[in-house]
Q: 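Below you'll find the structure I mean.
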Amino acid sequence: MLQQTPVTRVLPVWQDWLLRWPDPTALAQAPSGEAVRAWGRLGYPRRALRLHAAATLMANEHDGEVPGSYAALLSLPGVGSYTAAAVAAFAFGCRATVVDTNIRRVHARLISGTALPAPALTAAETRLADHLLPTEPGQSVRWNAAVMELGALICTARSPNCAQCPVQEKCAWLAAGEPAPTYQPKGQAWAGTDRQVRGAVMAVLRAAGTGLQRGLLFAPAHSEHPVGSELARLYRLNAEESQLERAIAGLLTDGLAQATDGGGIALPA
DNA sequence: TAACCGTGGGC
DNA sequence: TGCCCAAGGTT
């Protein structure tokens, strides 16, 4: 849930989620569509699907337990190098090199003297993080947490609070006179994209208790429908039929939706 | 490698 | 008001 999503937005969903599915086996026994629905508006709904798949794998291959090694964690769907390292370190006390967006930014400034880390994680960054990580496991866990928190609370992306920084005197970026970024971060297109349409269709599917006829998704003539507000959001996008078709096809391909007997679509069972 | 994948808070 | 950004992963 925390992948690319602020902690404060995750917390309420996470709490409800764990009350409903306290362990991997409980989640594995639910339909994947229920996981997608409970995911709510956290975004990137494929993460819900992958979490459900990971729970199924843990139920079947790991006695219903979350594996405690980096390698086993990495093999789970939706778990990459960051998540595997974070769980190994913070849940199991392992020495694992955690590299998240906060740690990357702290290293970029403190060590490399640049305003921002590279656009994508590089091998050099991973090597640096691995080199800096204390050898002793207990200290390494503390180090990971400390650097991450420094980035989250002090060495922030927008306006870092250097005056409050405990390592300001060691900072290469400050010493260099706070040089500006050497590249322009390019934001992701949103308005008018398939992505936006996918999101709106998913919101309709989550709001609907059962499946929906495709006609309902295409024609703005059902504002009195129980899922009317989400349908209205979809209609407001004024997507071409071809784009809506493409978005739906993508959702079916990704397993976020499935075709129903009556020719409609629904969340997966 | 680079594109793709959601959402909403904050500046 | 838009735009940036957030505990990334997969193809």
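All chains are named by letter (A, B, ...) in the order of the sequence lines, taking the proteins before the strands, and each is independently numbered beginning at 1.
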Q: Collect all protein-nucleotide pairs involving nucleotides 8-11 of chain B in which both atoms are nitrogen or oxygen and the distance is under 3.5 Å.
A:
unit_1 : atom_1 : unit_2  : atom_2 : d
B:dG8  : OP1    : A:Arg41 : NE     : 2.6

Q: Classify the nucleic acid contact of A:Gly80 as base, sugar-phosphate or nothing, counting any heavy atom under 4.0 Å across all strands shown.
A: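 It contacts sugar-phosphate atoms only.
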Q: With sequence neighbours left out, write down each residue that passes salt bridge (charged side-chain N to carboxylate O under 4.0 Å, His left out) with A:Asp254, or none if nothing qualifies.
A: A:Arg46, A:Arg198
Q: Can you tell if the side chain of A:Ile265 reaches within under 4.5 Å of the side chain of A:Leu217, non-hydrogen atoms only?
A: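 Side chain of A:Ile265 against side chain of A:Leu217, heavy atoms only: contact under 4.5 Å found.
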Q: Could you state the CZ-C1' distance from A:Arg50 to B:dC4, rounded to the nearest angstrom?
A: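 It works out to 11 Å between those atoms.
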Q: Would you jot down, in residue-number order, the residues of residues 90-99 of chain A having a non-hydrogen atom under 4.0 Å from DNA chain C?
A: none
Q: Tell me, do A:Cys94 and A:Val141 make a side-chain contact under 4.5 Å, heavy atoms counted?
A: no
Q: Kindly check if the number of other-residue, nucleotide or ligand heavy atoms within 6.0 Å of CH2 (A:Trp190) is above 12?
A: yes
Q: I want to confirm an ordering. Mapping A:Leu121 and A:Gly40 to their closest nucleotides on DNA chain B, which one lands closer to the 5' end?
A: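 Whichever sits nearer the 5' end wins; that is A:Leu121.
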Q: Ion pair present between A:Glu245 and A:Arg214, side-chain N to carboxylate O less than 4.0 angstrom?
A: yes
Q: Has A:Arg20 got more than 12 heavy atoms of other residues, nucleotides or ligands less than 6.0 Å from its CZ?
A: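 Enclosed: over 12 neighbouring heavy atoms sit under 6.0 Å from CZ of A:Arg20.
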Q: In whole Å, measure the gap between the P atoms of B:dA3 and C:dA7 for me.
A: 24 Å
Q: Counting side-chain heavy atoms from CB outward, which of C:dC5, B:dG6, C:dA7 is closest to A:Pro185?
A: C:dC5
Q: What does A:Arg104 touch in the nucleic acid at a heavy-atom separation under 4.0 angstrom: a base, only the sugar-phosphate, or nothing?
A: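 No contact.
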Q: So do A:Thr114 and A:Pro181 actually touch side chain to side chain, heavy atoms under 4.5 Å?
A: no
Q: In whole Å, I'd like the distance from the CG atom of A:Leu51 to the C1' atom of C:dG8.
A: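 It works out to 14 Å between those atoms.
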Q: OP1 or OP2 of C:dT10 versus the side-chain N and O atoms of A:Arg47: is any pair under 4.0 Å?
A: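 The answer is no; no side-chain N or O of A:Arg47 sits under 4.0 Å from OP1 or OP2.
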Q: Please determine, by modelled atom types, if A:Arg195 and A:Gln188 share a side-chain donor-acceptor pair under 3.5 angstrom.
A: yes
Q: Atom CG of A:Leu150 to atom C1' of C:dA7: distance rounded to whole Å?
A: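 Result: 15 Å.
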Q: Under 4.0 Å from OP1 or OP2 of C:dA6: is there any side-chain N or O of A:Thr101 that close?
A: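 Yes, within the criterion.
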Q: Do A:Ser140 and A:Thr135 have side chains that get closer than 4.5 Å, going by heavy atoms?
A: no
Q: Could you state the atom-to-atom distance from NZ of A:Lys186 to P of B:dT1 in whole Å?
A: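 The answer, rounded to whole Å, is 13 Å.
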Q: Can you find a side-chain donor-acceptor pair between A:Arg47 and A:Thr5 that sits under 3.5 Å?
A: yes
Q: Students often get this wrong, so: under 4.0 angstrom with heavy atoms, is A:Ala86 touching a base, only sugar-phosphate, or nothing?
A: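 The answer is nothing, as A:Ala86 stays clear of every strand by at least 4.0 Å.
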Q: Could you state the atom-to-atom distance from CD of A:Gln188 to P of C:dA6 in whole Å?
A: 12 Å
Q: How close or far is atom P of C:dG9 from atom CG of A:Leu73, stated in whole angstroms?
A: 12 Å
Q: Please state whether the base of B:dG6 and the side chain of A:Thr5 form at least one donor-acceptor pair under 3.5 Å?
A: yes
Q: Any donor-acceptor pair under 3.5 Å linking the side chain of A:Gln15 with the backbone of A:Pro12?
A: no
Q: Measure from OH on A:Tyr44 to P on C:dT10 and round the result to the nearest Å.
A: 14 Å
Q: Classify the nucleic acid contact of A:Pro45 as base, sugar-phosphate or nothing, counting any heavy atom under 4.0 Å across all strands shown.
A: sugar-phosphate
Q: So, is A:Gln3 near the phosphate of C:dG8, with a side-chain N or O under 4.0 Å from OP1 or OP2?
A: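 The answer is no; no side-chain N or O of A:Gln3 sits under 4.0 Å from OP1 or OP2.
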Q: Between B:dG8 and C:dT10, how far apart are the two P atoms, rounded to whole Å?
A: 24 Å
Q: Taking CG from A:Leu2 and C1' from C:dC5, how many angstroms apart are they, rounded to a whole number?
A: 15 Å
Q: Would a 4.5 Å heavy-atom cut-off, applied to side chains only, mark A:Thr56 and A:Leu27 as touching?
A: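 The answer is no, as the side chains (C-beta and beyond) never meet within the 4.5 Å cut-off.
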Q: If you assign A:Gly187 and A:Arg46 each to the DNA chain C nucleotide with the nearest heavy atom, which residue ends up on the more 5' nucleotide?
A: A:Gly187
Q: Identify, residue by residue, the members of residues 194-205 of chain A with a heavy atom below 4.0 Å from DNA chain B, and return them in order of residue number, or none.
A: A:Arg195, A:Arg198, A:Gly199
Q: Does A:Glu136 have more than 12 heavy atoms from other residues, nucleotides or ligands lying within 6.0 Å of its CD?
A: yes
Q: Would you call A:Arg206 and A:Glu230 a salt bridge, taking side-chain N to carboxylate O under 4.0 Å as the test?
A: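 No salt bridge links A:Arg206 with A:Glu230.
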Q: Closest nucleotide of DNA chain C for A:Leu74 versus for A:Gly151: which of these residues is on the 5' side?
A: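 Counting from the 5' end, the first nearest nucleotide belongs to A:Gly151.
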Q: Any residue in residues 249-259 of chain A with a heavy atom nearer than 4.0 angstrom to DNA chain B? Just list them by number, or reply none.
A: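 Under 4.0 Å from DNA chain B: no residue of residues 249-259 of chain A.
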Q: Heavy-atom distance under 4.5 Å between the side chains of A:Arg104 and A:Glu125, does that happen here?
A: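 Sidechains of A:Glu125 and A:Arg104: in contact.
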Q: Could you check whether A:Ile103 gets within reach of a base, just the sugar-phosphate, or nothing at all, counting any heavy atom under 4.0 Å?
A: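 Contact class for A:Ile103: none.
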Q: Not counting sequence neighbours, list each pair that qualifies as a side chain to side chain donor-acceptor pair (under 3.5 Å) and has a residue in residues 78-92 of chain A.
A: A:Gln3-A:Thr83
